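Data first, discussion second: the structure below is written as structure tokens.
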Number of protein chains: 2
Amino acid sequence: MKAARPNLSELARHLGVSIATASNALSGKGRLSPELAQRIRETANQMGYVPSQAGRALRTGRSGVLGLVLPDIGNPLYPEIAQEIERVATGAGYGVLIANSRDDISAQDKAIFQLVERGVDGIVIVPRRGTKVPETRCPIAIIDTPKTPRNTVSGDHFDGGAQVARHLTALGHTRILLIGDDPSSNVQNTRINGMRSELSDAQTVETIWIVEIEAKHGKGCALDLAAWRARGFTAFACVSDPHALRALTELQSAGIAIPAEATVTGFDNLQWSSFISPPLTTVKMNMPEIARLAIDALVTAIKDRDASDDTPSPPVTARKASVPMELVIRRSSGPAPEAQP
Amino acid sequence: MKAARPNLSELARHLGVSIATASNALSGKGRLSPELAQRIRETANQMGYVPSQAGRALRTGRSGVLGLVLPDIGNPLYPEIAQEIERVATGAGYGVLIANSRDDISAQDKAIFQLVERGVDGIVIVPRRGTKVPETRCPIAIIDTPKTPRNTVSGDHFDGGAQVARHLTALGHTRILLIGDDPSSNVQNTRINGMRSELSDAQTVETIWIVEIEAKHGKGCALDLAAWRARGFTAFACVSDPHALRALTELQSAGIAIPAEATVTGFDNLQWSSFISPPLTTVKMNMPEIARLAIDALVTAIKDRDASDDTPSPPVTARKASVPMELVIRRSSGPAPEAQP
DNA sequence: TAGATATGCTTAAACGTTTAAGCAGCAGTG
DNA sequence: CACTGCTGCTTAAACGTTTAAGCATATCTA
């Protein structure tokens, strides 16, 4: 018994037409009578014909697959990107091959090379902080920050920071602690700069970087936020939700009430941020839009590349390089307390 | 200027040998002299020869790609699975194509079909709760719970629960609240059952399901844990870290000190669980091992399938169906308080 | 020394698709 | 009626790889 999937020639033989005619009917390309085309499509369906990607890829030189390189899939920041990229790519008829650069600086280049080797038509990459993305003949869309060289599209991290700062200012906070993780991250720096840009000289603003503190006191150490609170700092603006979570629980554990005695804000609107107590004020990226722009740009670049066959693919540019972010105000932020304790 | 990647025939012509010889040299299969083989490999390297996956796939019928179907990539539980699957698959020479079943019950089947259509050699699936995985000619490895039909490998959720229960008992807790999200989840039920199995009749044990509470009071509503605490419940054992986080912050917000006045435990050891205050006591899955067993089993099934060409692929079974979990004791769990407040 | 066997390579076919080119038949044109 | 052009289909080549089969030449065996 042969129940194996039929191929084009079996389908054609079954119908008594040539292979080319069958192919044309299914792709709607050549010249043939509407009736025959219709009949071919119907029997194709009925016979359960599924075109072989391998055959098609070999002939057309296109695999219909995009690569996605993420610095660290385990990091809660990236799954949402992956999710949206997958959604949009699937909608555009592409599959998504994932690769992990494992936060290893050389692994990123290796991951890209492996994807190219697998024959992907294009690559979306969220670069590891502070690395150069190699030039290839394969189009690469980069999602980082507007200032990153060859960046394709990204959230407007700067304006996101500005929105947080305005929110804190409106709440009357005058002594504000900015909490970042790693100063070598483009994204984090842009967010911090955005916040600073909207804070006036009348306000006191300090920045701490978690990696620096952990370098001294070990991973997962306390950030000593209660001491900052004692010095009159009432707002703790973090560069990402996990850090906000760390700050929030540390303050709560120290008996400091949120938001009555201190305000905490984050970035990225991670799934759990609305379920904790108090729910976290944060900034939400428009991921669906970012993914759409990135994939659109990439697909366009792939189509264009056929025409000119020059070796290095030019930078992939989107119709819009920067997508607005949205401040989501929840209960972890509140008016600055009147008196310092 | 043609800098396009050379193919086998160009490489062969350059060396003055036949295509078959070049192929044999690179794959190490046919009969040929070691010297020539060496020379071919060297010039291949030097010319930057990269074999075409499309050509190879067409000839061998194998794409070298596995599919990975996850219920919801945005859910913090799955990235770690994805990460490990990707790592192990890459090590075994496979690429990983991701698909999202979007927690949509029909999308899962569609995702599987699309992957098969793309020509994947096998599929790893973490099934959406309570769904049947369709039978295909393409081998499918399932990661869920030991009792799930056709399950390939999974963590020993039952024993994980048992470990939590023993830990709580050892700490002297007598009134324990089990917090689950959705009773239709195999994984969550097994964890709950595991916990109950090690709690004696002398202890008071209740279970609440978040979806049921939210159905009444809306998404993100309070779980009223302070009231449970007032009724003398001192331990809150959650079925996953995000729920533990929700419980922990809710209790802290209500002014209940962790772990002095209440103990909270989770499952899954998510990245942030060690950075919050207090760090979360949780149960860690051995994901690297689970991924290894799943991919091993899948790859074996793929190799075996060639021999017998019967239509539905038999269930993929691993050498070990269940992988032990490890209790990670941190500071969110402590001795039961002496007196009830 | 004849025959068998092993060695080192080549020839050629096959995988399933797309697509340029070709070829009848037929309608319209001058 | 000869010529052109369109329509509807077929023929055949090509994409790049793997691999079975073939074929000399060299080595061993009796």
Side-chain angles (χ1 to χ4, degrees), chain A residues 2 4-41 43-44 47-65 93 116-121 303 306 309, chain B residues 2 4-41 43-44 47-65 93 116-121 303 306 309:
Chain A
K2 52 167 308 197
R5 288 269 185 60
N7 56 19
L8 250 196
S9 60
E10 287 190 51
L11 173 62
R13 186 152 32 80
H14 189 87
L15 280 157
V17 300
S18 76
I19 298 183
T21 303
S23 175
N24 281 334
L26 297 173
S27 66
K29 283 201 173 165
R31 294 184 306 221
L32 54 82
S33 68
E35 306 83 43
L36 180 55
Q38 178 63 15
R39 195 159 64 89
I40 292 177
R41 275 191 292 265
T43 29
M47 289 179 66
Y49 167 73
V50 174
S52 149
Q53 286 293 326
R56 176 176 296 170
L58 180 56
R59 174 62 224 238
T60 62
R62 302 265 198 75
S63 62
V65 173
V116 173
E117 207 172 1
R118 285 213 175 275
V120 298
D121 294 337
K303 299 226 164 93
D306 294 331
D309 205 13
Chain B
K2 52 166 305 192
R5 287 269 184 61
N7 56 20
L8 250 196
S9 61
E10 287 191 51
L11 173 63
R13 186 153 30 83
H14 188 88
L15 280 157
V17 300
S18 76
I19 298 183
T21 304
S23 175
N24 281 333
L26 297 174
S27 67
K29 284 201 172 167
R31 293 183 308 220
L32 52 80
S33 68
E35 306 83 43
L36 179 56
Q38 178 64 14
R39 194 158 65 88
I40 292 177
R41 276 191 292 266
T43 30
M47 289 178 68
Y49 168 73
V50 174
S52 149
Q53 286 292 328
R56 177 175 296 171
L58 180 56
R59 173 63 224 234
T60 61
R62 303 266 198 73
S63 61
V65 173
V116 173
E117 208 172 0
R118 286 215 175 274
V120 298
D121 295 337
K303 299 226 165 93
D306 294 332
D309 205 12

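Throughout, a chain's letter reflects where its sequence line sits, starting with A, and its residues are numbered from 1. Not measured: the values here are computed from a predicted model.
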Degree of bending, the helix from C/dT1-D/dA30 to C/dG30-D/dC1 (end axes from five pairs; round to 10°): 50°
Which heavy atom in [X] sits nearest to a heavy atom in [Y], and how many Å separate them?
X	Y	result
A/A57	A/S63	CB-CA, 4.1 Å
B/L32	B/A25	CD2-N, 3.8 Å
B/K303	B/R62	CA-NH2, 4.4 Å

Rounded distance (Å) that lies between atom [atom2] of [N] and atom [atom1] of [X]:
X	N	atom1	atom2	value
B/L36	C/dT7	CG	C1'	13 Å
B/I40	C/dT10	CD1	C1'	12 Å
A/L58	C/dT17	CG	P	12 Å
A/Q53	C/dG16	CD	C1'	12 Å
B/R62	C/dA14	CZ	P	21 Å
A/R13	D/dT10	CZ	P	14 Å
B/L26	D/dG16	CG	P	16 Å

Taking the side chain as every heavy atom from C-beta outward, state whether [X] and [Y] have any pair of such atoms under 4.5 Å apart.
X	Y	answer
B/S23	B/L8	yes
A/Y49	A/T43	no
B/V65	A/V65	no
B/L11	B/L26	yes

OP1 or OP2 of C/dT10 under 4.0 Å from side-chain N/O of B/S18: yes
Residue-phosphate contact under 4.0 Å: A/S33 side-chain N/O, D/dC9 OP1/OP2: yes
Any donor-acceptor pair under 3.5 Å from A/N24 side chain to A/K29 backbone: no
Position toward the 5' end of DNA chain C (nearest nucleotide), B/A37 or B/G55: B/A37
Show each protein N/O and nucleotides 18-26 of chain D N/O combination with a separation under 3.5 Å, one pair to a line.
{"unit_1": "D/dT18", "atom_1": "OP1", "unit_2": "B/R56", "atom_2": "NE", "d": "3.0"}
{"unit_1": "D/dT18", "atom_1": "OP1", "unit_2": "B/R56", "atom_2": "NH2", "d": "3.3"}
{"unit_1": "D/dT18", "atom_1": "OP2", "unit_2": "B/S23", "atom_2": "OG", "d": "2.9"}
{"unit_1": "D/dT18", "atom_1": "O2", "unit_2": "B/R59", "atom_2": "NH1", "d": "2.2"}
{"unit_1": "D/dT19", "atom_1": "OP2", "unit_2": "B/K29", "atom_2": "NZ", "d": "3.3"}

For B/R39, side chain to side chain contact (heavy atoms under 4.5 Å, CB included) partners two or more places apart: B/L15, B/L36
